[in-house]
Amino acid sequence: MFGRSSAKPIKVEVFAKTDLGKTRDHNEDRFLVADLSRREASLQPAVRAHEVGERGSLFVVADGMGGAAAGELASEMATDTIYQQLVRGWGTEREVTAQRFAYRLKEAVEVANEQIHAYAATHPEVRGMGTTTTAVGVLADHFFLTQVGDSRAYLIRNGAAVQLTRDQSLMQRLVEAGELTEEEAARSERRNIILQALGPDARVKVDLTHQEVRKGDILVLCSDGLSGQVKKEEIAAVATRERDLQAACDKLIALANERGGPDNITVVLARFDGEGLRPPEPNGAMGYQVYPLIDTETSTEPVPVYRGSPAPEPAARNRRRMIVLLVVAAAAAVALYLVNRSQ
């Protein structure tokens, strides 16, 4: 049952941090942490440790692109718009259900895309700007995840990490098509090519997934400045071993910088507890799970899966095709000769 209500408390402790990295001259990443019930978005103590209220909580990571100040502006617009749209739409929603929450979250991401695209269209100096966005809403005992681009969300349970989102990237499509292994994709020079982002196009296809929350779960959101340098097993080890979430964020960012820090680095860590959550099960479902919106007319289609190039035809088939073409050409030539001769 999605987002089952419970009178028992669900508690979350969260911290987030962003870092310039070692090679960039400005930071285009942005994060947002919010208690939607209290309508407060900050890292102040009241939000860093709070109970998940009737309207839930929100965590967002956005990785901007576009050069100069365009990337910074796009990521800022994305995080702010998603939060404000949820406060307006979901905050006044009479039907407080998981289905409506998932719809409102996805709607907020689509509205952010429309606003970024419209702004860029009227401001030539930032035309083409965009941002990845991974936005996770928590309602009762469920995560609802929206994904555009290649920032990521991981779930750490019992010390093991599982990726909850799928990268909307060329490399991910090649892996899914069986043309590359995950290791080859991670080393590829084209690993930063993404299939879509918020802003460049008027419409965007938002991936909507879900995951049940269990007691002790740790949610990790990060930009590719972290995931590209630190493996998920390493992220799980640091987040599990370090009880202080601020210290865990510091250590993860330091690890990415030790490995070159080629990009901005952003991480959000949220640990869940409370009597309102069930304990983890040894074989509980974890990972990428599409959330089925009932209102299909307002639901965008998933990003098309890259199927790879068609397999080369066998040489024998090519030879047969060539022979057929030669026979047809010869027959046409003979027919033309006979027609001309009879005239």
Side-chain angles (χ1 to χ4, degrees), residues 16-34 41 58-83 108-110 112-113 115-117 119-120 126 128-136 145-154 163-172 185-186 188-201 204-207 219-232 235 249 252-253 255-257 259-270 303:
K17 187 173 182 180
T18 186
D19 187 82
L20 182 64
K22 293 295 186 181
T23 63
R24 299 298 177 91
D25 57 6
H26 62 288
N27 195 340
E28 296 182 320
D29 283 5
R30 192 173 176 91
F31 67 81
L32 183 138
V33 174
L58 175 68
F59 311 104
V60 187
V61 165
D63 181 353
M65 58 192 181
E72 297 172 41
L73 178 60
S75 59
E76 180 179 4
M77 289 182 67
T79 52
D80 291 351
T81 303
I82 291 169
Y83 171 66
V109 177
E110 292 170 341
N113 178 72
Q115 293 195 6
I116 296 169
H117 181 75
Y119 184 90
V126 295
M129 72 177 183
T131 180
T132 72
T133 299
T134 301
V136 180
L145 306 100
T146 53
Q147 175 77 2
V148 176
D150 64 350
S151 292
R152 291 182 177 180
Y154 296 105
Q163 187 172 335
L164 298 181
T165 54
R166 283 184 182 169
D167 297 349
Q168 295 176 353
S169 66
L170 175 61
M171 290 300 99
Q172 177 67 31
S188 173
E189 294 180 354
R190 299 180 294 169
R191 63 183 177 274
N192 293 325
I193 299 176
I194 59 176
L195 301 182
Q196 66 169 1
L198 295 185
D201 297 312
V204 70
K205 297 177 181 179
V206 180
D207 203 8
L219 174 70
V220 182
L221 271 64
C222 63
S223 61
D224 64 345
L226 180 71
S227 61
Q229 305 302 314
V230 183
K231 296 180 180 178
K232 65 181 181 181
I235 295 173
C249 287
L252 289 172
I253 289 174
L255 189 55
N257 278 325
R259 296 174 181 177
D263 202 351
N264 307 143
I265 310 159
T266 300
V267 59
V268 176
L269 297 179
V303 176

Please round to the nearest 0.5 Å and tell me the distance separating atom CZ of Arg152 and atom OG1 of Thr134. 10.0 Å
Which heavy atom of Leu145 sits nearest a heavy atom of Ala153, and at what distance? CD2-CB, 3.6 Å
Which distance, rounded to the nearest 0.5 Å, do you find between the NE2 of His117 and the CE of Met77? 12.0 Å
What closest approach, in Å, do Phe59 and Leu219 show between heavy atoms, and which atom pair accounts for it? CD1-CD2, 3.9 Å
All side chain to side chain contact (heavy atoms under 4.5 Å, CB included) counterparts of Asn264, not counting sequence neighbours: Leu20, Arg24, Asn27, Glu28, Asp29
For Cys222 and Val61, the nearest pair of non-hydrogen atoms, with its separation, is C-CG1, 3.9 Å
Using a distance-only test with no angle check, is there a side-chain donor-acceptor pair under 3.5 angstrom linking Thr18 and Thr266? yes
State, with a plain yes or no, whether a side-chain heavy atom of Ile82 is found less than 4.5 Å away from one of Thr133. yes
Which value, rounded to the nearest 0.5 Å, describes the distance between Glu110 atom CD and Thr81 atom OG1? 13.5 Å
First locate atom NZ of Lys22, then atom CG of Asp263, and finally report the distance between them rounded to the nearest 0.5 Å. 14.5 Å
Side-chain touch Arg166/Gln147, heavy atoms, less than 4.5 angstrom: no
Check Pro200 against Gly130 and note the closest heavy-atom contact, atom names and distance. CD-CA, 4.0 Å
Within the distance-only criterion (no hydrogens, no angle test), does the side chain of Thr146 pair as donor or acceptor with the backbone N or O of Ala135 below 3.5 angstrom? yes
Can you find a pair of side-chain heavy atoms, one from Val60 and one from Tyr83, that are under 4.5 Å apart? no
Nearest 0.5 Å please: distance from the CG atom of Asp224 over to the OG atom of Ser169. 9.5 Å
Does any non-hydrogen side-chain atom of Lys205 lie less than 4.5 Å from one of Asp207? no
For Ala16 against Val33, the heavy-atom pair lying closest together: CB-CG2, 4.2 Å
Taking the side chain as everything from C-beta on, heavy atoms only, tell me whether Gln168 gets closer than 4.5 Å to Ile194. no
Is there a side-chain contact between Val220 and Lys232 in this structure, where contact means two heavy atoms from C-beta onward sitting under 4.5 Å apart? no
How long is the gap from OG on Ser223 to CG on Asp19, to the nearest 0.5 Å? 10.0 Å
Taking all atoms of both residues into account, what is the closest heavy-atom pair of Gly225 and Ile265, and its distance? O-CG1, 3.8 Å
